[in-house]
Amino acid sequence: MELTSGNISLRALRESDAPQLAMLANNEKIGRNLRDGFPYPYTLEDAMSFIQKFMHSPSLFAIEYQGEYVGNISLTPCENVYRKSAEIGYFIGEPYWNKGIMTTAVNLITEFGFKELGLARIHTGVYEYNPASQRVLEKCGFVKEGTFRKSVFKNGQLWDEMRYAKINPEVEK
Ligand SMILES: CC(C)(COP(=O)(O)OP(=O)(O)OC[C@H]1O[C@@H](n2cnc3c(N)ncnc32)[C@H](O)[C@@H]1OP(=O)(O)O)[C@@H](O)C(=O)NCCC(=O)NCCS
């Protein structure tokens, strides 16, 4: 499965992405915005075991920009009564920030989730100190539904989390 828009593609992870994943992910400015479990420092072994775990997953895509691996984006289905929802998650390496890459990637995966997977809703949470990610979601038509006050304990402190969601226009009618 490959999703493409211009010079940006979403495709399955490959073992050959490991060195670039390790290089880009080994940056404190990335892990601080993600859930614990994303290691720092981030080693080549971390990259290889992540790729082994997710290279056959239908929920995890590598992001390619001009033919180069630059980051990951995931769309994780929810369960039980939430099975028409999925959670989106993403990161891109710092050398590639502010080029509009993640805005395109989020638009691609959202369209895939609505049109191909029949999802009704895609959501995520963004920590209060991450305006770039909030901006990406707003540019992609996600709506801020609320603030989970002091819900995140990250790096020894409590933070608010902003919750964003987009509804499939087909079910909004
Ligand atoms: C957040 C992240 C995904 C953005 O990716 P990106 O490819 O740089 O995003 P885009 O270029 O598509 O858009 C970024 C937008 O944020 C804006 N922005 C960047 N830094 C900002 C800041 N400090 N304050 C406000 N807006 C900011 C940019 O100007 C741009 O908006 P614009 O197009 O209106 O100018 C990327 O920085 C990243 O991977 N960060 C680390 C991991 C992370 O935060 N993941 C998301 C967890 S919820």
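Order of listing sets the numbers, starting from 1, for every ligand and every atom in it.
Heavy-atom separations between Gly125 and ligand 1 include at least one value shorter than 4.0 Å. Close to ligand 1: Lys139, with a non-hydrogen atom less than 4.0 angstrom away.
Using a 4.5 Å cut-off between side-chain heavy atoms of Ile, Leu, Val, Met, Phe, Trp and Tyr, with links allowed through other members, Met55 and Leu60 fall into the same hydrophobic cluster.
The neighbour count for Arg149 CZ, taken as heavy atoms of other residues, nucleotides or ligands under 6.0 Å away, does not exceed 12. Within a 6.0 Å radius of CD in Glu128, more than 12 heavy atoms belonging to other residues, nucleotides or ligands are found. The 12-atom threshold is not exceeded at CZ of Phe148, counting heavy atoms of other residues, nucleotides or ligands nearer than 6.0 Å. The 12-atom threshold is exceeded at NZ of Lys139, counting heavy atoms of other residues, nucleotides or ligands nearer than 6.0 Å. Around the CD atom of Glu79, the shell of radius 6.0 Å holds no more than 12 heavy atoms that belong to other residues, nucleotides or ligands.
In Tyr90, the parts holding a heavy atom less than 4.0 Å from any atom of ligand 1 are both the side chain and the backbone. With a 4.0 Å heavy-atom cut-off, ligand 1 is reached by the side chain of Leu34 but not by its N, CA, C or O.
Contact atoms of ligand 1 toward Lys99: 11 (O) (distance under 4.0 Å to a heavy atom of the residue). Interface atoms of ligand 1 facing Gly100, defined by a heavy-atom separation under 4.0 Å, are 10 (P), 11 (O), 12 (O). Atoms of ligand 1 found under 4.0 Å from any heavy atom of Ser133, numbered from 1 in the order shown, are 1 (C), 46 (C), 48 (S). Counting the atoms of ligand 1 from 1 in the order shown, those under 4.0 Å from a heavy atom of Trp97 are 8 (O), 36 (C), 37 (O), 38 (C), 39 (O), 40 (N), 41 (C). Close contacts of ligand 1 with Thr103, meaning ligand atoms under 4.0 Å from a residue heavy atom, involve 10 (P), 12 (O), 13 (O). Counting atoms of ligand 1 from 1 in the listed order, those under 4.0 Å from a heavy atom of Phe91 are 39 (O), 42 (C).
For atom 28 (C) of ligand 1, the nearest non-hydrogen atom from the set Asn130, Ile73, Asn98, Thr104 comes from Asn98. Counting only non-hydrogen atoms, the option in Arg135, Arg35, Met162, Glu161 that gets closest to atom 15 (C) of ligand 1 is Arg135.
The two residues Arg35 and Tyr127 have their closest heavy-atom pair at N-OH, 3.5 Å. The shortest heavy-atom contact between Val70 and Leu24 is O-CD1, 3.4 Å.
Using a 4.5 Å heavy-atom cutoff, the side chains of Leu13 and Asn72 are in contact. Within the 4.5 Å cutoff, the side chain of Glu64 has no heavy atoms near those of the Leu10 side chain.
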(request) Could you give me the CA-CA distance, side-chain angles and deciding distance for Tyr90 and Ser133, then say whether side chain to side chain donor-acceptor pair (under 3.5 Å) is met? (result) CA-CA 9 Å; Tyr90 44 78; Ser133 183; 2.7 Å; yes
(request) Kindly determine whether Thr110 and Asn107 satisfy side chain to side chain donor-acceptor pair (under 3.5 Å), including the steps that lead there. (result) CA-CA 5 Å; Thr110 302; Asn107 277 328; 5.6 Å; no
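At a 3.5 angstrom cut-off on N or O pairs, Val136 does not count as close to ligand 1. For a threshold of 3.5 Å applied to N or O pairs, the pair formed by Met102 and ligand 1 contains at least one separation below that value.
For atom 2 (C) of ligand 1, the nearest protein heavy atom (residue, atom name, distance) is Ile92 CG2, 4.5 Å. Summary of contacts: the protein heavy atom closest to atom 21 (C) of ligand 1 is Ala132 CB, 4.0 Å. When only non-hydrogen protein atoms are considered, atom 47 (C) of ligand 1 lies nearest to Asn33 O, 3.5 Å. The protein heavy-atom contact nearest to atom 23 (N) of ligand 1 is Pro131 CG, 3.7 Å.
For atom 7 (O) of ligand 1, a protein heavy-atom neighbour is present inside the 4.0 Å cut-off.
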